[in-house]
Asks: 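Structure below; questions to follow.
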Amino acid sequence: MTPQPLLLFLHIASVTLWVGGMFFAYVCLRPAAAAVLEPPLRLKLWRQVFERFFVWVWGAVVVIAASGMTMLGQVGFAAAPRNWHLMLALGTVMIAVFVYVFVVPYAALKRAVAAEDWKAAGAALNRIRHAVGGNLLLGVVTIAVATLGRLLA
C-alpha cells in the first residue's frame with residue numbers, strides 16, 4: 001500500500017480547513033459581527049476567534065506543505081505537471097500572507113485590544129480583513145488549479 005491516498009486526504013482536508021475557515025470568517029462571521037456588536041466587543045471577539053483559528057491554520061500549513069512536498073517528491077519536480085508547480089507557487093504565497101497576518105496585524109490587534117485602544121485595534125483588524133480577502137481569493141484560485149489541472153496550466 002502506498003501513502004498516496006493518505007497524503008492526498010491530509011492535503012485536501014487541511015486546505016478545506018484553511019480556505020473554508022477564511023470563507024466562513026470573511027463572508028459570514030465578519031458581517032454578522034459588524035451588524036450586532038459594538039466595536040469593543042467585536043474587536044474582542046475577533047481577537048478570540050483568531051487565537052483559536054490560527055492554531056488550526058498553523059497545523060494546516062504544516063500538513064499542506066509536508067504532504068504537498070512529499071507527493072511532489074514522489075513524482076519528481078521535473079516530471080510533475082505544470083499545474084502542480086503553479087499550485088506550489090500559489091500555496092507559498094498564501095503561506096507568506098498568513099505569516100504576515102500572524103506576525104504584523106494580528107500581533108497589533110492583540111496589543112491594541114489588551115490596551116483597549118479601539119482605533120488601533122480597528123486598523124489592525126482592517127489590515128487582517130484585506131489580507132484574508134486576498135488569501136481567500138488565492139485559495140479559490142489554487143483549488144481551481146488543483147482540480148481543473150492541466151486545463152489551466
Side-chain angles (χ1 to χ4, degrees), residues 5-72 82-153:
L6 178 60
L7 289 169
L8 190 57
F9 167 76
L10 292 171
H11 197 78
I12 292 170
S14 296
V15 168
T16 301
L17 182 150
W18 187 11
V19 177
M22 287 190 296
F23 179 86
F24 170 77
Y26 197 85
V27 175
C28 302
L29 182 59
R30 184 180 65 84
V36 300
L37 298 174
E38 294 299 319
L41 287 177
R42 185 170 60 242
L43 292 162
K44 288 178 183 181
L45 171 72
W46 278 112
R47 169 39 179 116
Q48 292 295 315
V49 166
F50 290 138
E51 183 175 328
R52 288 162 176 78
F53 181 57
F54 286 168
V55 169
W56 288 96
V57 175
W58 279 114
V61 163
V62 168
V63 171
I64 291 165
S67 60
M69 292 307 290
T70 301
M71 289 185 286
L72 185 60
R82 288 186 343 185
N83 66 301
W84 286 25
H85 293 264
L86 184 53
M87 189 175 11
L88 174 61
L90 290 167
T92 301
V93 172
M94 288 181 67
I95 291 169
V97 170
F98 169 66
V99 170
Y100 159 77
V101 165
F102 188 83
V103 171
V104 181
Y106 173 58
L109 176 69
K110 289 192 306 186
R111 286 189 306 272
V113 168
E116 297 186 356
D117 181 350
W118 307 124
K119 183 176 180 181
L125 184 61
N126 195 45
R127 288 193 304 273
I128 293 170
R129 179 180 62 84
H130 286 287
V132 168
N135 234 14
L136 176 57
L137 180 61
L138 282 173
V140 170
V141 169
T142 305
I143 291 169
V145 166
T147 57
L148 299 175
R150 294 183 176 146
L151 297 174
L152 296 175

Asks: Kindly determine whether E51 and V55 satisfy side-chain contact (heavy atoms from CB on, under 4.5 Å), including the steps that lead there.
Replies: CA-CA 7 Å; E51 183 175 328; V55 169; 5.9 Å; no
Asks: Just so I know, are the side chains of N126 and H130 near enough to count as touching, which here means a heavy-atom distance under 4.5 Å?
Replies: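 Heavy-atom side-chain distance check passes, below 4.5 Å.
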Asks: How many angstroms lie between CG in L8 and OG1 in T70, if you round to the nearest 0.5 Å?
Replies: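 Between L8 CG and T70 OG1, I get 12.5 Å after rounding to 0.5 Å.
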Asks: Is the shortest side-chain heavy-atom distance between L29 and W46 below 4.5 Å?
Replies: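 Yes, their side chains come closer than 4.5 Å.
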Asks: Which pair of non-hydrogen atoms, one from S14 and one from I64, has the smallest distance, and what is that distance?
Replies: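 Looking at all heavy atoms of both residues, the closest pair is CB-CG1, 3.5 Å.
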Asks: Could you tell me which non-hydrogen atom of A131 sits nearest to which non-hydrogen atom of V101, and how far apart they are?
Replies: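 Between these two residues, the closest heavy atoms are CB-CG2, 3.3 Å.
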Asks: Is the count of non-hydrogen atoms from other residues, nucleotides or ligands lying under 6.0 Å from F23 atom CZ greater than 12?
Replies: no
Asks: Are W84 and V145 close enough, and set up right, to give a side-chain contact (heavy atoms from CB on, under 4.5 Å), and what steps lead you there?
Replies: CA-CA 8 Å; W84 286 25; V145 166; over 6 Å; no
Asks: Is there side-chain contact between M94 and V19, with heavy atoms separated by less than 4.5 Å?
Replies: yes
Asks: Strictly distance-based, threshold 3.5 Å: is any side-chain N or O of H11 a donor or acceptor partner for the main-chain N or O of S67?
Replies: no
Asks: Using a strict threshold of under 4.0 Å (side-chain N to carboxylate O), is an ion pair present between R42 and E38?
Replies: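 Answer for the salt bridge query: no.
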Asks: Please name the pair of heavy atoms, one in L136 and one in Y26, separated by the smallest distance, quoted to 0.1 Å.
Replies: CD2-CB, 4.2 Å
Asks: Looking only at non-hydrogen atoms, find the nearest pair between P105 and I128 and report the distance.
Replies: CB-CG1, 3.6 Å
Asks: Looking at V57, V93, V103, V132, which one forms a side-chain contact (heavy atoms from CB on, under 4.5 Å) with F98?
Replies: V57
Asks: Please confirm whether the ring centroid of F54 lies under 6.0 Å from the ring centroid of W58.
Replies: no
Asks: Between F50 and K110, is there a side-chain heavy-atom distance shorter than 4.5 Å?
Replies: no
Asks: What pair of heavy atoms forms the shortest contact from A60 to L17, and how long is it?
Replies: CB-CD2, 4.2 Å
Asks: Given L72 and M69, is the side-chain contact (heavy atoms from CB on, under 4.5 Å) satisfied, shown in steps?
Replies: CA-CA 5 Å; L72 185 60; M69 292 307 290; 4.3 Å; yes
Asks: Can you tell if the side chain of R127 reaches within under 4.5 Å of the side chain of Y100, non-hydrogen atoms only?
Replies: yes
Asks: Would you sort out whether I12 and T16 count as a side-chain contact (heavy atoms from CB on, under 4.5 Å), showing the intermediate values?
Replies: CA-CA 6 Å; I12 292 170; T16 301; 4.0 Å; yes
Asks: For the atom pair CG (L148) and CD1 (I143), what is the distance rounded to the nearest 0.5 Å?
Replies: 11.0 Å
Asks: Measuring from atom CE of M87 to atom OG1 of T92, what distance do you get when rounded to the nearest 0.5 angstrom?
Replies: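 Result: 11.0 Å between the selected atoms.
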Asks: Search all heavy atoms of A33 against all heavy atoms of L45 and return the closest pair with its distance.
Replies: CB-CD2, 4.0 Å
Asks: When rounded to the nearest 0.5 angstrom, what is the spacing between CG in N135 and CD1 in I95?
Replies: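 Between N135 CG and I95 CD1, I get 9.5 Å after rounding to 0.5 Å.
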